[in-house]
Structures are given as structure tokens and as C-alpha cells.
Amino acid sequence: MHAITDETTAIVDMVLEYARRRILSDDTPLDKPFTPAELRRLAGRTISEEGMGARRALALFENVLAPSCITTEHPQYLSFIPSAPSKAATAFDLIVSATAVYGGSWLEGSGAVYAENDVLAWLAHEFGLPETAGGVFVQGGTIGNLSALVAARDHADRARVEAGRPRPERWVVIASAEAHSSIASAAKVMDIDVVAVPVGESGMLRGEGVRAALIEHREAVIAVVATGGSTNFGIVDDIASIAALKDELDFWLHIDGAYGLAAALTEIARPRFAGIERADSLIVDPHKWLFTPFDSCALLYRDPEIARVAHTQHAEYLDALTESTEWNPSDYSVQLTRRARGLPLWFSLATFGAEVYREAIAASIELAHAAGREIAARDYLTLVRDPQLSVVVFERTGWSAGDYAHWSNRLLDDQRAFVVPSSHAGRTNARFAIVNPRTTLDDLIGILDSME
């Protein structure tokens with residue numbers, strides 16, 4: 001199976017032809033999940049001693065397995081946070097695998113690391129971080145947040161040891177009560193506590209709430225996490241008032257911008273992100289609003305050396321890497337083995353330039369605001385909060401959780417849209433998450449009409 005034979009040549013040709021058809025398709029259906037019983041009936045046991053052959057395996061994937069996976073790049077995929085990779089980024093993702101690049105060290109992948117770092121430097125500049133900032137592309141926001149908080153804790157611990165101060169009984173992270181679930185997940189992994197600051201009706205974490213928590217917990221705080229676009233509502237915390245506290249109090253500021261921080265690249269939304277230039281670390285996920293295939297999270301540090309000290313793994317077989325002075329991406333996160341997952345974004349950005357990215361992101365924001373106006377104009381619908389970025393949350397008057405579920409299932413069964421119910425403060429609601437430039441206002445109006 002490793003030799004270059006007529007059979008392997010035919011396999012490569014078949015796979016590339018399928019990939020070409022899929023990438024260039026403009027009518028790929030939404031599709032929907034099959035039940036385990038359906039997949040057992042249609043696919044059966046796929047692994048055997050003899051194998052089924054590439055043609056049959058690919059046909060099984062194309063005709064059974066792929067149609068049981070919802071197409072996340074579909075314009076009517078409006079749940080969770082969609083993916084809408086550019087065709088260039090998707091195509092280049094094939095090359096990342098084809099070239100067998102290992103992206104963990106400069107020694108093994110200097111060209112790939114250089115290209116990834118070029119993108120990270122561009123992002124750092126856009127977000128106002130110093131030229132010395134740097135980081136790494138990791139799997140996703142959960143790993144990005146965890147890696148940043150591990151670096152923050154290591155930094156806090158070293159500072160206390162050097163100053164001769166005792167470690168606290170429990171380390172804490174201060175975050176919004178509406179912070180992403182990955183913050184609580186990271187805290188659980190790290191065996192630390194989260195101080196959840198109430199945010200009120202606006203959904204925004206503000207400086208006064210953070211200041212009170214900082215004063216209360218003082219030496220136990222390893223970081224304050226501000227959200228640059230919450231997943232549920234697209235709310236941007238009052239980062240400026242939080243960052244201003246650094247003039248008075250010493251703390252690590254981390255920005256979880258997995259979904260929303262890409263909006264800071266646009267003129268229309270940049271003012272909402274005032275203060276990000278003072279972050280000690282931040283993340284943004286290219287597979288969300290920077291039009292890159294799964295999975296990719298850009299993690300940036302103001303002072304990468306702090307992260308390198310915290311994350312570098314030491315072993316005899318790694319001496320050739322750890323004793324070098326070159327930039328090794330694996331030194332900046334909890335992952336050692338890593339794919340060069342920043343390359344698809346690099347290729348698409350290098351191909352099309354940053355301006356089209358800004359335009360595409362801004363278009364999603366404008367569409368969300370237009371959808372909000374449509375909702376506000378209908379007497380059977382109520383906006384839960386005015387949209388800030390590209391998430392629109394609304395309620396249908398008189399509907400129960402069961403009504404929302406039935407409506408959502410019908411939309412998917414009819415292949416009209418994928419809009420799963422969400423909730424806030426114990427109330428079920430509907431939610432549009434818009435990142436795909438191919439989504440139109442007519443698409444959204446049709447979905448709203450289906451709720452009458």
C-alpha cells in the first residue's frame with residue numbers, strides 16, 4: 001500500500017476527482033444525520049482482513065457516509081458556528097497532507113512554520129500587539145484557551161516563587177458568567193477554579209465587575225478572560241474597561257475571540273474591540289470566520305517566551321529541538337505533534353489578499369443587522385438581544401421547546417436550513433449564526449416566514 005503502483009495511482013486519481021467535484025459543487029445538499037441502525041444497514045461492517053478495495057470504499061463514503069454528515073459550509077447552515085472555507089483554502093488543505101509536512105519544529109518544517117508565522121504576525125499587527133508577539137496554530141479554541149491559561153499559570157507561579165511568596169491554596173481565573181464552556185473545561189483540566197462575574201442584561205463583562213473580583217481574589221488570580229464575541233450571542237465584552245485595569249492591577253489578560261475576534265479586522269466592528277492591544281494572549285479560530293477548513297485556532301502571546309518556558313517538552317530524543325534557538329511551534333501549546341494547520345489560511349490570504357476577508361466578514365455583520373430588523377418588524381417574533389456581530393437570537397411568541405424542536409427538524413428534513421434551538425436564562429429560542437458570504441437575506445426571510 002506504500003508502493004507507487006497502478007493501483008495506488010488509480011486510488012489517487014479517484015480521490016482527487018471526488019475532491020474536485022465536491023470542492024467545486026455549488027449544489028451540495030445540507031444532508032442530515034442517519035440513525036445508527038440506518039448506518040449499520042447501509043454501510044455494515046467496513047473493515048475486514050481482505051479489504052473492500054478503493055473503488056467500493058470511496059463509493060460507500062460518497063453515497064452513504066458523506067450524506068449522513070451535515071454540510072457545514074452550506075449557506076443555510078446557521079447553527080453553532082458554521083464553517084465557510086474559501087475554495088482556495090480547502091484545495092490547499094489537500095496539499096498539507098500530500099506534502100507530509102510535520103509542523104511541530106523548524107528543523108522539520110521551516111518553510112511551513114515561516115508561512116504560518118507570517119499569518120500570525122499579520123494577525124498580531126491587526127490586533128495591535130507588538131512586533132515581538134508570536135504563537136502557534138492549534139486544533140481549536142478549547143486547546144487555544146487551555147494553552148494560554150497554562151502559560152498564564154506558569155508565569156504567575158514563577159513570579160511568586162521568585163518573590164518568595166507562597167502559592168495560593170487554589171488558583172482562579174476570572175471570566176464572564178457567559179464565557180465559553182471551554183474556559184470551564186480548561187479550568188477542570190488544570191484543577192483550578194473559575195470566578196464567574198455576572199454580566200447583566202447586556203451580556204457584557206465590564207471593568208467594574210472584574211476589578212471587584214481581582215481585589216477579592218488578589219494573589220490567586222492567574223488570568224482574566226474577556227470574550228471577543230460570545231458564541232451564543234456574539235457579544236463582545238467591554239475589553240477597553242477591563243484592559244484599563246492593568247494600569248492599577250497586575251494581571252494576565254486573555255481574549256477568547258475564537259468566533260468573534262475576526263470582526264476586529266473590519267472598520268464596522270473594530271471599535272468594539274478597543275483594548276485588545278493590551279492582551280497578554282488571545283485566540284481566533286480561522287475555521288470559523290476566517291474561511292479555513294476545520295480545524296484551526298490561532299493562538300498569540302504578547303511575550304512568546306513566557307509560553308515557551310511553560311510548554312516546551314524535554315526528552316532525550318528531543319534534544320536536537322530543545323537545544324536549538326529556532327522557532328518550534330510545539331513549544332507554544334499543550335500539543336507536541338501538530339499538523340501545519342495554518343497553511344490553508346496562509347494560502348488563501350496570500351492568494352486573495354486581506355481586503356476580501358474584511359469585506360466578507362463585514363457583509364455577515366450587515367446581514368445579521370438586517371435580519372434583526374426583519375425580526376423586530378414581525379409581531380410574532382422578539383429579538384432577545386440586538387445583534388452586535390453576526391449572531392441573531394430571537395423568540396417565537398407562544399412556542400414551547402417542543403415547537404422549536406419540531407420546526408427545526410422540519411427545516412432539516414425538508415433540506416431548507418439547519419437551525420437548531422438554543423436557550424438563554426431558561427427560555428428556548430432560535431438563533432442564526434452567520435459567517436457564510438453566500439447566505440442571503442432572502443434565505444433568512446424564508447426561514448422566518450416558516451415560523452408564522
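We count residues from 1, following the sequence as given.
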So, T428 side chain and S423 main chain: donor-acceptor pair closer than 3.5 Å or not?
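Such a contact is absent between T428 side chain and S423 backbone.
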
E162 side-chain N/O to A159 backbone N/O, donor-acceptor pair under 3.5 Å
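Side chain of E162 to backbone of A159: no pair is present.
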
With a sphere of 6.0 Å drawn around CZ of R410, does it hold more than 12 non-hydrogen atoms of other residues, nucleotides or ligands?
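Check passes, neighbour count above 12.
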
Test applied, salt bridge (Lys or Arg N to Asp or Glu O under 4.0 Å); reference residue, R341; option that passes from D93, D295, D285:
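Between R341 and the candidates, salt bridge (Lys or Arg N to Asp or Glu O under 4.0 Å) is satisfied uniquely by D295.
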
side-chain hydrogen bond (donor to acceptor under 3.5 Å, both in side chains) between S83 and H287: does it pass, once the steps are laid out?
CA-CA 6 Å; S83 175; H287 65 233; over 6 Å; no

Testing the 3.5 Å rule here: is there a donor-acceptor pair between the side chains of [X] and [Y]?
{"X": "S400", "Y": "D403", "answer": "yes"}
{"X": "Y259", "Y": "S230", "answer": "no"}
{"X": "R396", "Y": "T382", "answer": "no"}
{"X": "T322", "Y": "T312", "answer": "no"}
{"X": "N429", "Y": "E395", "answer": "no"}

Closest heavy-atom pair and its distance - Y102, T337:
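What the structure gives for the nearest pair is OH-CA, 3.7 Å.
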
Of the non-hydrogen atoms in F137 and P286, which two are nearest, and what is the gap between them?
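So the minimum-distance heavy-atom pair works out to CE2-CG, 4.0 Å.
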
